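Numbers restart at 1 for each chain; the letters A, B, ... are given by sequence-line order, proteins then strands. Here the structure is a predicted model, which is why all the values come from computation and not from measurement.
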Amino acid sequence: MTVRTRFAPSPTGYLHIGGVRTALFNWLFARQNHGQFILRIDDTDQQRNVDEALQPILDGLRWLGIDWDEGPKKGGPFAPYYQSKRLDRYQAAVERLLAGGHAYYDYATTAELQAERQAAEGEKRPFRYSRRYLAETPADRARFEAEGRQAVVRLKMPSEGTLVLDDLVRGRVEFDWAREQDHVVQRADGTCLYHLANVVDDYDFQISHVIRAEEHLSNTPRQVFILEALGYPRPVYAHLPFVAEPGSHTKLSKRKLQKYLKNRDFAAMVAHAQKIAEAIRHPTEADAFNPVIVDFYQTVGYLPEAIVNYLALLGWSLDDKTEHFSREELIEHFSLERVNKAPASFDPRKLMAFEDWHFQRLSRARKVELAAPFLQEAGLATSPISAETRRIMEKVVAAAGDRIKVAGDILSFADFFQPDDQLLYDEAAFDKHLRQGNGADLLCRFRDRLAALEPFDPPALEAAMQDFVAAEQIKLGQIIHAVRVAVTGKSIGLGLFDTLAILGRSRSLARIDRALGRR
RNA sequence: GGCCCCGUCGUCUAGAGGCCCAGGACACAGGCCUUUCACGCCUGCAACACGGGUUCAAAUCCCGUCGGGGUCACCA
């Protein structure tokens, strides 16, 4: 049997991190089994502009390297892959359901249904529609229609028996048919509902494994009923646990960002990203600037392979020790049997740990390549980037080591790329090291040594400073911080000798002179 | 509320009767290193939801309780 899996987002305008995890597991399973991964668009009830709302989803998947064999922009043997373009298929299915006696026309009004529901609730018995307005014959239909009623099509669910599901993740799950409702599959206006469309499409696309989030587990009986009534084979089901909120087992939701911000780690992640976003003038109040949405990570320069690695481990594990995986390794080792049943909560710190691990394994050239757009967006580099800027970038990236964890972190070292006469100062640090005490005097004298130093490289710089410290009979700390603030504007940064060497003599002196001059 | 699912350190997890007074990773705390910030190294903190069984032996099997979540639409 050919393995065919699918991810079926509805065009909402953004790609949810939990959705990505679902897509990823589908994709991994298909790739591992040399099958196909299909992207289908669930837009049965979409008023909005589908193209516009779909674009971020396609972009996000592509960015993460989750490619599809059939679907939007790609086509395929079972096209179209948009539910809104497959209405005739659903109509045909409804007719077959009706003809086979598995569904019926129902003329109840919403108010009547509501009344029945409430009555059942009042008597504390489970609600099940009485089928009072079920129309069996054309005569019935005519009678109800004469009363001005409109028909929907409902499923005629069995009143007894048990559905046994063998879920690849959950194991054996049972449902009583008698508890299932006569769900509507076609509205009065003739449009069909998701569950019907879903079953028809999965069959039409020959989906072999339905891998989806746990929220669909309770929906499975009615889908199985539809597919069996239609004579379709049952796919293999695998219901994945949720990606949950930090420290909770509730599904992660994009609308609860304010709540998540009370979580220290979440707040730290957002603050870090915000700094980068502001520097590149990316709107941080935008809907998509939200860690629940994939766009967020792309904006600040996370690595797709880190996100994929992290997400794969959210609910799945290979063993008790392996945690770093390349895409290929994931494809090789992934298995639905080793997917956990319990929801896994999203941990920003751990994501960053994976990001760090993957980023530090990149070549210097690659890091530079990834970081360059951030300098350009921030107005600190030209496009294309100049040879000089590139040269500095390479040195900064090398000296920064894992201080740069996401590509956007290059902006923590923006001072290297600012013109010497436009350097911004951390005033508190400036005060402490250049206005109070004798830091400025020392700096003034050290400046002259720098002016004459040859070569102007880290070992020589360090030796020069040691000489200076000995000659002045001071402690290293008394001069080093003054120099740092003078040349970078800040009290934190790279090793000072690296910093000076990267800047070079003339820029270092220019910055020291400017700092001394603004006291 | 009915039905369904789930329940090992703060978090992600390993664990399929003895290898577990529970292992790893991230986080956290303390220390070392140190020109700042990171890194690195060392040490530490920390969990089988609870109660009954079964068994020579249970985190692992059974039952119950409690807790959490999902779902009950003419949404997807």
Listed nucleotide nearest any side-chain atom of A/Arg117, set B/U35, B/A73, B/A76
B/A73
Would you sort out whether A/Tyr107 and A/Tyr133 count as a ring-ring contact (aromatic ring centres under 6.0 Å, His included), showing the intermediate values?
CA-CA 5 Å; A/Tyr107 286 87; A/Tyr133 297 93; 8.7 Å; no
Mate of B/C28 across any strand shown (Watson-Crick or G-U wobble, both atom pairs under 3.5 Å) is B/G44
Taking any strand in view, what nucleotide pairs with B/C66 in a Watson-Crick or G-U wobble way, both distances under 3.5 Å?
B/G7
Using the P atom in both, what is the distance from B/C21 to B/C63, to the nearest Å?
27 Å
Below 4.0 angstrom from OP1 or OP2 of B/U36, is there any side-chain N or O of A/Ser491?
no
Between B/U60 and B/U54, how far apart are the two P atoms, rounded to whole Å?
15 Å
Answer yes or no for A/Arg141 and A/Tyr105: cation-pi contact, defined as NZ/CZ to six-membered ring centre under 6.0 Å and angle to ring axis within 45°.
yes
What string of B, S and - do you get for nucleotides 5-11 of chain B, 5' to 3', when a contact is any protein heavy atom under 4.0 Å?
SSS---S
Answer with base, sugar-phosphate or nothing: what part of the nucleic acid does A/His216 contact at a heavy-atom distance below 4.0 Å?
base
I'd like the P distance from B/A38 over to B/C28, given in whole Å.
11 Å
How are the rings of A/Tyr194 and A/His216 set to each other: parallel, tilted or perpendicular (split at 30° and 60°)?
tilted
Whole angstroms only, please: what is the NE2-P distance between A/His324 and B/C26?
7 Å
Can you tell me the distance, in whole Å, between the CE atom of A/Met157 and the C1' atom of B/U71?
14 Å
Side chain of A/Arg403 (C-beta onward), nearest among B/C3, B/C37, B/U71
B/C37
From the set B/A76, B/C39, B/A27, return the single nucleotide nearest to any side-chain atom of A/Asp402.
B/C39
Atom-pair distance (NZ on A/Lys124; C1' on B/C3), nearest Å
18 Å
Counting only heavy atoms not in A/Tyr203, do more than 12 sit closer than 6.0 Å to its OH atom?
no
Out of B/A25, B/A76, B/A14, which has the shortest distance to the side chain of A/Glu323?
B/A25
Paired nucleotide for B/G2 [Watson-Crick or G-U wobble; both distances under 3.5 Å]:
B/U71
For RNA chain B, what residues of residues 467-484 of chain A have any heavy atom nearer than 4.0 Å?
A/Leu476, A/Ile480, A/His481, A/Arg484
Hey, is the side chain of A/Arg128 poking within less than 4.0 Å of OP1 or OP2 on B/G2, counting only N and O atoms?
no
Starting the side chain at C-beta, find the nucleotide from B/C75, B/G15, B/C28 nearest to A/Arg338.
B/G15
Rounded C1' spacing from B/A49 to B/C9 in Å
14 Å
Tell me: CZ of A/Phe175 to P of B/G70, nearest whole Å?
16 Å
With A/Phe334, which residues qualify under ring-ring contact (aromatic ring centres under 6.0 Å, His included), at least two apart?
A/Phe25, A/Trp316
Take atom P in B/A76 and the same atom in B/C61, then report the distance between them in whole Å.
40 Å
For A/Phe242, ring-ring contact (aromatic ring centres under 6.0 Å, His included) partners two or more places apart:
none
For atom CD of A/Gln186 and atom C1' of B/C75, their distance in whole Å:
17 Å
Write out a two-atom table: protein N or O, nucleotide N or O from nucleotides 49-51 of chain B, distance below 3.5 Å.
none

Using the C1' atom as the reference point in each nucleotide, state the distance between B/A47 and B/A59 in Å, no decimals.
10 Å
Taking all atoms of both residues into account, what is the closest heavy-atom pair of A/Leu261 and A/Ala267, and its distance?
O-CB, 3.4 Å
With side-chain hydrogen bond (donor to acceptor under 3.5 Å, both in side chains) as the rule and sequence neighbours excluded, what pairs involving residues 157-172 of chain A come up?
A/Asp167-A/His239, A/Arg172-A/Glu174
For A/Arg212, which contact category applies under a 4.0 Å heavy-atom criterion: base, sugar-phosphate, or nothing?
nothing
Check this one for me: any side-chain N or O of A/Ser218 less than 4.0 Å away from OP1 or OP2 of B/G70?
no
Considering heavy-atom distances to RNA chain B, does A/Lys405 or A/Phe242 have its closest nucleotide positioned more toward the 5' end?
A/Lys405
If you only use heavy atoms from C-beta on, which nucleotide in B/A14, B/U36, B/U35 is closest to the side chain of A/Asp320?
B/A14
Tell me whether the NZ or CZ atom of A/Lys367 lies within the 45° cone about the ring axis of A/Phe359 and under 6.0 Å from its centre.
no
Name the nucleic acid region contacted by A/Leu494, choosing base, sugar-phosphate or nothing; use a 4.0 angstrom heavy-atom cut-off, strictly under.
base
Name the pairing partner of B/C56, where a pair is Watson-Crick or G-U wobble with both distances under 3.5 Å, or state none.
B/G18
Taking any heavy-atom pair under 4.0 Å as a contact, classify A/Gly315: base, sugar-phosphate, or nothing.
sugar-phosphate
Those residues that, when tested against A/Ala188, pass side chain to side chain contact (heavy atoms under 4.5 Å, CB included) (two or more places apart)
A/Gln150, A/Val152
Sequence neighbours excluded, which residues qualify as salt bridge (Lys or Arg N to Asp or Glu O under 4.0 Å) partners of A/Arg21?
none
How many Å lie between CG on A/Leu318 and P on B/G15, as a whole number?
10 Å
Where do A/Glu116 and A/Arg128 come nearest, in terms of heavy atoms and distance?
OE1-O, 4.1 Å
Excluding sequence neighbours, so at least two apart, what forms ring-ring contact (aromatic ring centres under 6.0 Å, His included) with A/Phe468?
A/Phe446
Which sits closer to the 5' end of RNA chain B, A/Thr250 or A/Phe127, going by the nucleotide each is nearest to?
A/Thr250
For A/His324, all residues meeting ring-ring contact (aromatic ring centres under 6.0 Å, His included), sequence neighbours excluded
A/Phe354, A/Trp357
If we take the C1' atom in both B/A25 and B/A14, what is their distance in whole Å?
11 Å
Using heavy atoms and a sub-4.0 Å distance, could you list which residues of residues 189-200 of chain A are near RNA chain B? By number, please.
A/Leu193, A/Tyr194, A/His195
Can you tell me how far C1' of B/G1 sits from CZ of A/Arg179, to the nearest Å?
12 Å
Under 30°, 30 to 60°, or over 60°: which ring-plane class applies to A/Phe346 and A/Tyr297, parallel, tilted or perpendicular?
tilted
Does any N or O in the side chain of A/Glu214 come within less than 3.5 Å of the main-chain N or O of A/Pro343, such that one atom is a donor and the other an acceptor?
no
Given the P atoms of B/U36 and B/G23, what is the spacing between them in whole Å?
36 Å
Could you note down all residue pairs passing side-chain hydrogen bond (donor to acceptor under 3.5 Å, both in side chains) where residues 458-484 of chain A supplies at least one of them, sequence neighbours left out?
A/Arg445-A/Glu472
